Amino acid sequence: MIIKGLDISVPGSFVPHGMGYLNDDGEEILFVINHGGEHGTHYVNIFKVNAKEKELILVETLTDPNFISPNEIVPLTSTSFYLCNDQLLENGALKTLFGSFLSGNVVYYDWTDSKRTVSRVVATGIRYAAGMQAQGNTLYVSDALSKNLYIYEMTAYYGKGSLDLIKTVDLGTGLDNINIDEKGRLIIGGHPNIGLFIQSLVGDARAPSQIIQYDPLSGTSEEIFLSHGEDISASSVGVIYKNKLLVGTVSDNLLLCELK
């Protein structure tokens with residue numbers, strides 16, 4: 001495995017968080033949440049992917065009052081996306097995580113019409129929106145505090161971006177980023193102990209790691225990876241390729257596993 005850094009030039013600093021990939025009729029586009037703006041401003045940087053030259057070409061930088069604490073982004077078209085705010089308090093992560101109130105939301109943003117940009121909140125009541133992924137006409141949103149997976153139907157998303165909540169699934173762990181494998185199953189990073197996860201961010205604590213597999217067709221879930229933190233701490237994402245599982249974290253190394 002070869003991992004190579006890229007030189008990125010954007011307005012302000014580049015402090016990337018969630019990313020979303022779109023193949024628009026052969027044109028590859030990468031949407032990146034960037035926390036590098038001055039005075040707490042958050043951006044969405046949009047890049048054209050030049051795979052041959054291994055470079056990203058900045059084509060658009062967006063900001064909006066609804067980008068409060070953006071965590072994840074799901075592109076719909078080259079000029080529209082869903083974005084989730086994990087909380088509605090700027091720079092208040094610890095306060096929100098240990099609070100008991102509902103905080104996060106999902107925002108629909110569309111600038112297809114250059115004269116009328118649409119930015120509206122389309123889902124609320126999510127305590128800490130940590131991950132998001134689309135599959136067909138379905139949008140999945142993970143909640144790190146309630147341990148719920150929220151399943152929405154995207155109703156005529158071109159224009160208004162409305163979401164209808166069709167199901168809530170308690171998966172019993174602090175849910176983080178979502179990926180979808182080749183069989184259509186959701187692979188979700190998990191934090192079995194949120195308290196230790198927070199301690200791992202602000203200190204030297206090792207937090208347990210977990211990866212959950214959820215099958216939306218059968219509605220069943222299973223744990224496919226669990227570590228007490230000795231080999232990898234605070235897993236935030238998992239990706240399956242063939243018989244391998246790659247586990248990523250917020251601040252630790254990557255771990256490559258072979259699935260049995």
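Along the sequence shown, residues are numbered consecutively beginning with 1. As the structure is a prediction and not an experimental result, all values here were calculated from the model.
Residues passing the ring-ring contact (aromatic ring centres under 6.0 Å, His included) test with His17, sequence neighbours excluded: His35. Annotation: side chain to side chain contact (heavy atoms under 4.5 Å, CB included) contacts of Pro216 (sequence neighbours excluded): Gln135, Tyr140, Leu186, Tyr214. Take Asp164 and apply the salt bridge (Lys or Arg N to Asp or Glu O under 4.0 Å) test, not counting sequence neighbours, and it matches no residue. For Phe47, there are no ring-ring contact (aromatic ring centres under 6.0 Å, His included) partners, not counting sequence neighbours.
Other residues, nucleotides and ligands place no more than 12 heavy atoms under 6.0 Å from the CD atom of Glu38. Residue-environment remark: CG (Asn23) exceeds the threshold of 12 foreign heavy atoms within 6.0 Å. By the neighbour-count criterion of 12 heavy atoms within 6.0 Å, atom CD of Glu182 is sparsely surrounded, having that number or fewer from other residues, nucleotides or ligands.
In this structure, Met19 is a member of the same hydrophobic cluster as Leu56, with clusters built from ILVMFWY side-chain heavy atoms closer than 4.5 Å. Cluster membership for Leu254 and Leu245, using ILVMFWY side-chain heavy atoms within less than 4.5 angstrom, is not shared. No continuous path of hydrophobic side-chain contacts links Val15 to Val237 [ILVMFWY only; heavy atoms under 4.5 Å]. In the hydrophobic cluster analysis, where Ile, Leu, Val, Met, Phe, Trp and Tyr join through side-chain heavy atoms closer than 4.5 angstrom, Ile46 is grouped apart from Ile57. Hydrophobic cluster membership differs between Tyr21 and Ile180, with clusters built from Ile, Leu, Val, Met, Phe, Trp and Tyr side chains linked at under 4.5 angstrom.
With hydrogens and angles disregarded, no donor-acceptor distance shorter than 3.5 Å links the side chain of Arg127 to the backbone of Ser146. A distance-only check finds no donor-acceptor pair linking the side chain of His42 to the backbone of Gly37 [under 3.5 Å]. Of the possible polar contacts, one joining the Asn177 side chain to the Ser236 backbone as a donor-acceptor pair under 3.5 Å is found. Side-chain atoms of Asp176 do not come within 3.5 Å of backbone N or O of Ala144 as any donor-acceptor pair. A distance-only check finds no donor-acceptor pair linking the side chain of Ser235 to the backbone of Ser209 [under 3.5 Å]. Within the 3.5 Å criterion, the main-chain N or O of Lys183 finds a donor-acceptor partner in the side chain of Asp181.
Distance CD/Glu153 to CG/Leu165: 11.0 Å, rounded to 0.5 Å. Between Tyr152 atom OH and Ser162 atom OG the span is 13.0 Å, to the nearest 0.5 Å. Taken to the nearest 0.5 Å, the CZ atom of Phe225 stands 10.5 Å off from the CG atom of Leu259. In this structure, CD1 on Ile224 lies 8.0 Å from CD1 on Ile212, to the nearest 0.5 angstrom. Going from atom CD1 of Ile232 over to atom CD1 of Ile211 covers 8.0 Å, rounded to the nearest 0.5 Å. Residue Leu62 holds its CG atom at 10.0 Å from OG of Ser119, rounded to the nearest 0.5 Å.
Contact check for Ser142 versus Gln133: no side-chain heavy atoms found under the 4.5 Å cut-off. Under the 4.5 Å side-chain criterion, counting only non-hydrogen atoms from C-beta, Ile178 is in contact with Leu149. Side-chain contact check for Ser9 versus Leu58: every heavy-atom pair is 4.5 Å or farther apart. Using a 4.5 Å cut-off on side-chain heavy atoms (C-beta onward), Val44 and Phe67 make contact. For the pair Ser200/Val250, no side-chain contact is recorded, criterion being any heavy-atom separation below 4.5 Å from C-beta on. Inter-residue side-chain proximity for Thr173 and Pro192 is flagged as met; some heavy-atom pair is nearer than 4.5 Å. Here the side chains of Leu171 and Lys147 are not in contact, with every heavy-atom distance at 4.5 Å or above. Between Glu27 and Lys48, some side-chain heavy-atom pair lies under the 4.5 Å cut-off.
Taking Ile, Leu, Val, Met, Phe, Trp and Tyr as members and joining any whose side-chain heavy atoms lie under 4.5 Å apart, directly or through other members, Tyr241 forms no hydrophobic cluster with any other residue.
Ser69 and Asp86 share a side-chain donor-acceptor pair at under 3.5 Å.
Legend: side-chain hydrogen bond (donor to acceptor under 3.5 Å, both in side chains) pairs involving residues 49-58, not counting sequence neighbours, sorted by first then second residue: Asn50-Glu55.
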Subject >> Trace of the side chain to side chain contact (heavy atoms under 4.5 Å, CB included) decision for Glu258 with Asn243 >> reply: CA-CA 6 Å; Glu258 186 169 340; Asn243 66 331; 3.6 Å; yes
Subject >> Full working for side chain to side chain contact (heavy atoms under 4.5 Å, CB included) between Tyr150 and Leu163 >> reply: CA-CA 11 Å; Tyr150 298 101; Leu163 295 175; over 6 Å; no
**OP:** Go through Thr138 and Met154 one step at a time and tell me if the side chain to side chain contact (heavy atoms under 4.5 Å, CB included) criterion holds.
**Re:** CA-CA 6 Å; Thr138 302; Met154 297 185 285; 5.8 Å; no
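Pairing each heavy atom of Gly20 with each of Ile73, the nearest pair is N-CG2, 3.6 Å. What you find for Ala205 and Ser233 is that their closest heavy atoms are O-OG, 4.1 Å. Of all heavy-atom pairs between Ile29 and Ser78, the closest is CD1-CB, 3.7 Å. The two residues Tyr43 and Gly36 make their nearest non-hydrogen contact at CE1-C, 4.5 Å. Nearest heavy atoms, Ile187 versus Gly238: CG2-O, 3.6 Å. Nearest heavy atoms, Met132 versus Tyr82: CE-O, 3.4 Å.
When each of Val107, Asn105, Leu83 is tested with Asn66 by the rule side-chain contact (heavy atoms from CB on, under 4.5 Å), just one qualifies, namely Val107. If you run side-chain contact (heavy atoms from CB on, under 4.5 Å) between Gln213 and each of Ile240, Ile188, Thr220, only Ile240 comes through. Test Asn45, Thr61, Thr41 against Asn34 for side-chain hydrogen bond (donor to acceptor under 3.5 Å, both in side chains) and you get one pass: Asn45.
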